[in-house]
4 protein chains.
Amino acid sequence: MSPRRRDADSTAAARTRRRAELLGIAADIFAERGYAATTIREVADAAGMLAGSLYYHFDSKESMADEILSTFLTELWESYDRILQEKHDPRQALEALIAASFTAIDRHRPAVVLYQNESKHLGQSPRFAYLDASHVRFRDMWVGLLERGVREGAFRSDLDVPLAYRFLRDTVWVAANWYTPGGRLTADTVARTYLTMILEGIQPGPS
Amino acid sequence: MSPRRRDADSTAAARTRRRAELLGIAADIFAERGYAATTIREVADAAGMLAGSLYYHFDSKESMADEILSTFLTELWESYDRILQEKHDPRQALEALIAASFTAIDRHRPAVVLYQNESKHLGQSPRFAYLDASHVRFRDMWVGLLERGVREGAFRSDLDVPLAYRFLRDTVWVAANWYTPGGRLTADTVARTYLTMILEGIQPGPS
Amino acid sequence: MSPRRRDADSTAAARTRRRAELLGIAADIFAERGYAATTIREVADAAGMLAGSLYYHFDSKESMADEILSTFLTELWESYDRILQEKHDPRQALEALIAASFTAIDRHRPAVVLYQNESKHLGQSPRFAYLDASHVRFRDMWVGLLERGVREGAFRSDLDVPLAYRFLRDTVWVAANWYTPGGRLTADTVARTYLTMILEGIQPGPS
Amino acid sequence: MSPRRRDADSTAAARTRRRAELLGIAADIFAERGYAATTIREVADAAGMLAGSLYYHFDSKESMADEILSTFLTELWESYDRILQEKHDPRQALEALIAASFTAIDRHRPAVVLYQNESKHLGQSPRFAYLDASHVRFRDMWVGLLERGVREGAFRSDLDVPLAYRFLRDTVWVAANWYTPGGRLTADTVARTYLTMILEGIQPGPS
DNA sequence: GATGAATGAGCGTTCATTCAT
DNA sequence: GATGAATGAACGCTCATTCAT
């Protein structure tokens with residue numbers, strides 16, 4: 001790595017790193033207090049700077065939420081797309097998607113909380129059109145998967161697919177509200193336990 | 001309208017009805033936009049009056065949320081308590097509690113949304129201490145029921161009770177976000193379908 | 001007194017009596033909390049009615065203050081005028097005026113407090129022009145009396161008349177802030193004690 | 001302006017000066033219109049800024065009054081305490097205290113007016129408890145001084161001390177309502193004239 | 001004479017945002 | 001990169017006042 005290269009790094013890359021750091025702080029507070037109830041002064045305080053200084057890094061409060069959410073969704077869909085390409089068996093795909101979702105919660109907890117609590121609102125502004133688009137993709141993915149699973153006998157034939165889709169979607173994301181990365185349960189454990197409940201129910205099986 | 005009707009109607013009863021009407025409007029908007037993001041002027045607009053006029057009926061924005069939430073929770077716990085007294089079989093109790101929850105969503109949809117989205121923030125103020133108290137009662141109720149069910153063989157012996165409690169709790173209330181009273185699905189239908197998924201899972205049973 | 005006469009009394013006179021009663025209540029609160037800081041709801045509460053009901057009796061909050069102050073000033077000037085006609089000796093006139101002022105405090109304490117605290121403000125509105133007029137008359141009366149007294153040897157020849165006027169004026173009225181009718185000191189006692197201090201000073205006399 | 005000057009000037013000192021400037025403006029208007037009747041917008045207008053901008057400098061309207069009053073009282077008591085330590089003769093102490101009071105009026109006229117007109121109301125809030133404390137200290141100081149003066153023969157033996165205390169207190173402070181710094185009379189002249197009236201009275205002495 | 005419900009203006013305060021330094 | 005001071009719009013709320021009943 002040439003010195004020239006390192007210099008370029010210490011500007012562009014350092015800037016990127018600082019942005020990410022600030023966004024992490026913002027995401028934590030947005031998730032904790034709610035987007036509307038969070039003041040950018042609170043974010044700035046937590047970052048050890050004055051409110052006005054944040055505007056050197058970001059255009060607006062909205063743009064922070066935007067960057068937090070779009071970063072999260074981009075990464076999420078990358079992992080989903082990888083799974084959808086690899087796993088053709090509905091049951092296996094479902095397992096992998098659920099696991100990937102819990103991994104996302106583990107890695108982007110505040111972003112997930114933000115997504116869950118505020119996407120309805122924010123989605124109304126054109127800037128956040130991708131949130132609604134993501135919802136649609138989400139629904140299509142799950143509904144498609146469930147319908148195929150029913151056809152292929154992986155899932156109960158009497159499944160109410162639209163309802164089951166919402167059941168799955170909500171059940172998974174809502175866990176971000178109580179899951180603590182590094183706590184008693186790892187993302188993987190939670191995922192497996194949830195999967196068992198979802199697939200086999202909570203009453204005793206026949207075996 | 002006969003004088004008799006007007007007499008019975010006037011004063012206390014009419015006031016109560018007007019308050020309820022206004023609270024209904026407020027609850028709808030709080031649920032739709034979020035409590036913090038809702039302005040008193042939006043509520044007043046929707047009620048066809050000026051912002052200040054709301055203060056003839058209510059002390060503060062907070063007191064509106066308070067009345068919405070406490071009314072809902074009072075009614076909810078009345079129905080829960082009735083069930084807990086009547087149904088001693090864990091499985092039957094669970095079914096009845098889930099059904100009662102969906103009935104509550106049907107009747108108090110905006111209040112449920114408000115409860116779910118804002119109780120964490122509001123609960124910090126002493127005035128809303130009953131929200132946290134309700135959470136605790138909730139947890140104790142479900143955890144107790146699940147543990148008893150496991151002991152008595154009604155539920156899987158390997159159930160992770162704390163996790164299952166959260167699964168049940170979230171799964172049910174989160175439905176308030178999409179459920180439309182008077183839509184395709186009645187509260188009862190949703191409750192029965194959810195119950196089947198929760199009890200038996202989504203994969204085909206052996207029977 | 002004919003019945004007809006008594007009927008007329010029970011309308012006009014009763015109305016007058018009620019107004020006076022309400023004005024007494026208002027004056028107490030205006031004096032206690034300050035005019036600007038007093039809400040007409042507080043006055044109405046104290047009178048056992050609703051805020052709106054006061055407007056049956058009075059045009060506005062201002063008109064209450066108006067009536068309180070003008071009633072007080074009319075009576076005050078009546079007593080002053082009587083004295084000025086009777087007492088031609090400066091020293092005797094001064095004594096009588098001071099005594100009359102303390103009598104006014106005794107009988108109209110809240111009005112005096114209101115007068116003292118709010119006349120500067122209220123005087124700016126044309127409706128209260130008589131307040132400024134009264135101030136001028138006041139000053140002319142005292143300054144005239146003091147100058148005559150100096151000329152005639154009743155008061156010190158080196159008296160700074162404008163300053164002494166303010167001294168007398170303030171000294172007397174400000175007592176309304178602590179004087180309690182029916183307390184340890186009667187208006188007359190206070191008047192006599194004040195007079196001694198004003199005339200002879202607080203240091204020991206030669207006698 | 002040299003850089004040296006600007007450096008010494010900047011940050012803390014400049015901020016303090018700006019605060020003092022704004023407080024001076026606020027004090028003028030509070031004194032002129034009354035605290036309750038003054039709007040924050042009036043203060044901001046006079047300062048050439050918008051209402052909200054004041055909140056960059058001060059927490060609240062109340063905190064402005066607080067700072068104005070506490071600054072004044074601190075300085076006043078410093079001068080009083082110095083006198084009480086130095087002058088042991090009651091008559092000399094009284095003269096010095098009256099003079100110091102007029103000096104305080106000269107330097108803090110609006111603060112004195114505010115103190116006199118609003119301390120009764122403001123004193124009820126815990127934040128302004130020091131106002132009541134100051135009243136008590138005031139009374140103790142004057143009553144103590146007068147009693148000692150009577151015992152030692154400096155003041156008339158028949159003096160009604162509690163009444164004389166109020167007489168002195170009011171007489172002095174009330175002058176803030178008409179005294180104009182830089183006008184015909186200096187604070188010192190007023191003080192001396194007042195003192196003569198207080199000590200020797202307004203009627204001709206025997207000498 | 002009084003009530004109950006509302007109006008409309010304005011208040012103290014907050015907050016995202018801007019910008020010269 | 002960050003600060004300090006300000007803007008301007010809006011917010012929750014208060015209050016004198018009105019008026020049909």
Side-chain angles (χ1 to χ4, degrees), chain A residues 11 14-15 18-19 22 35-44 47-64, chain B residues 6 10-12 14-15 18-19 22 36-44 47-64, chain C residues 11 14-15 18-19 22 35-44 47-64, chain D residues 6 10-12 14-15 18-19 22 36-44 47-64:
Chain A
T11 52
R15 198 202 226 59
R18 186 81 172 111
R19 283 176 76 87
L22 294 172
Y35 174 74
T38 299
T39 72
I40 84 122
R41 230 177 208 87
E42 285 168 336
V43 175
M49 54 172 64
L50 292 176
S53 310
L54 272 180
Y55 286 80
Y56 177 80
H57 301 278
F58 304 100
D59 285 347
S60 63
K61 187 185 179 184
E62 235 190 5
S63 81
M64 291 186 224
Chain B
R6 274 192 65 240
S10 57
T11 59
R15 201 201 214 69
R18 186 76 170 116
R19 282 177 77 86
L22 294 171
T38 298
T39 74
I40 228 61
R41 276 167 183 84
E42 285 169 339
V43 175
M49 53 169 63
L50 291 172
S53 307
L54 275 177
Y55 287 80
Y56 178 77
H57 300 278
F58 304 99
D59 284 344
S60 62
K61 185 186 179 185
E62 221 185 44
S63 82
M64 292 185 222
Chain C
T11 52
R15 197 202 227 57
R18 186 80 172 113
R19 283 176 76 87
L22 294 172
Y35 174 74
T38 298
T39 72
I40 82 123
R41 232 180 206 83
E42 286 168 336
V43 176
M49 54 172 65
L50 292 177
S53 309
L54 273 180
Y55 285 81
Y56 177 82
H57 301 277
F58 304 100
D59 284 346
S60 63
K61 187 185 177 184
E62 235 188 6
S63 80
M64 291 186 225
Chain D
R6 273 193 65 243
S10 58
T11 58
R15 199 201 216 68
R18 186 77 170 114
R19 282 177 77 87
L22 294 172
T38 299
T39 74
I40 229 60
R41 275 164 182 87
E42 285 169 338
V43 176
M49 53 170 62
L50 290 172
S53 307
L54 277 177
Y55 287 81
Y56 177 76
H57 301 278
F58 304 100
D59 284 346
S60 62
K61 184 186 180 185
E62 221 185 44
S63 80
M64 292 185 220

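Order of the sequence lines sets the chain letters (A, B, ...), proteins ahead of strands, with each chain counted from 1.
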*Asks:* Can you list the stems that DNA chain E is part of, where a stem is at least 3 pairs in a row, each Watson-Crick or G-U, with both distances below 3.5 Å?
*Replies:*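 Correct response: E:2-21 with F:2-21.
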*Asks:* Nearest heavy-atom pair of B:Met49 and B:Leu22: which atoms, and what distance?
*Replies:*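 In this case the closest contact between B:Met49 and B:Leu22 is CE-CD2, 4.3 Å.
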*Asks:* Within this structure, what is the NZ-to-P distance between A:Lys61 and E:dT14, rounded to whole angstrom?
*Replies:*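 In whole Å, E:dT14 P and A:Lys61 NZ are 15 Å from each other.
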*Asks:* Ignoring hydrogens, what is the shortest heavy-atom contact between C:Thr38 and C:Lys61? Give both atom names and the distance.
*Replies:*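 Shortest heavy-atom separation between C:Thr38 and C:Lys61 comes out as O-NZ, 2.8 Å.
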*Asks:* Without decimals, in angstroms, what is the distance between C:Asp59 CG and F:dC19 P?
*Replies:*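 To the nearest whole Å, that distance equals 13 Å.
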*Asks:* Just how far, in rounded Å, is P of F:dC13 from OH of B:Tyr55?
*Replies:*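 Whole-Å distance recorded here is 3 Å.
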*Asks:* If a protein heavy atom is under 4.0 Å from the base, mark B; if only from the sugar-phosphate, S; if neither, -; do that for nucleotides 3-9 of chain F going 5' to 3'.
*Replies:* BSBSBB-
*Asks:* With DNA chain F as reference, determine whether C:Ile40 or B:Ile40 sits nearer its 5' end, using the nearest nucleotide of each.
*Replies:*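 That would be B:Ile40.
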*Asks:* Hey, does D:Thr38 reach any base, or is it just sugar-phosphate, or nothing, if we go heavy atoms under 4.0 Å?
*Replies:*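 Sugar-phosphate, no base atom in range.
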*Asks:* How far apart are the closest heavy atoms of D:Ala51 and D:Arg41, and which atoms are they?
*Replies:*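 Looking at all heavy atoms of both residues, the shortest contact is CB-CG, 3.5 Å.
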*Asks:* Give me the atom names and distance for the closest heavy-atom approach of A:Arg19 to A:His57.
*Replies:*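 Smallest interatomic distance, heavy atoms only, reads NH1-O, 2.7 Å.
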*Asks:* Under 4.5 Å between any side-chain heavy atoms of B:Ile40 and B:Met64, yes or no?
*Replies:*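 With C-beta onward as the side chain, the pair touches.
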*Asks:* Which residues pass the side chain to side chain contact (heavy atoms under 4.5 Å, CB included) test with C:Ser60, not counting sequence neighbours?
*Replies:*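 C:Ser60: side chain to side chain contact (heavy atoms under 4.5 Å, CB included) contacts with C:Glu62, C:Ser63, C:Arg127.
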*Asks:* With nearest nucleotide decided by heavy atoms, which residue, A:Ala36 or D:Ser60, maps closer to the 5′ end of DNA chain E?
*Replies:*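 Looking at the nearest nucleotide for each, D:Ser60 comes out on the 5' side.
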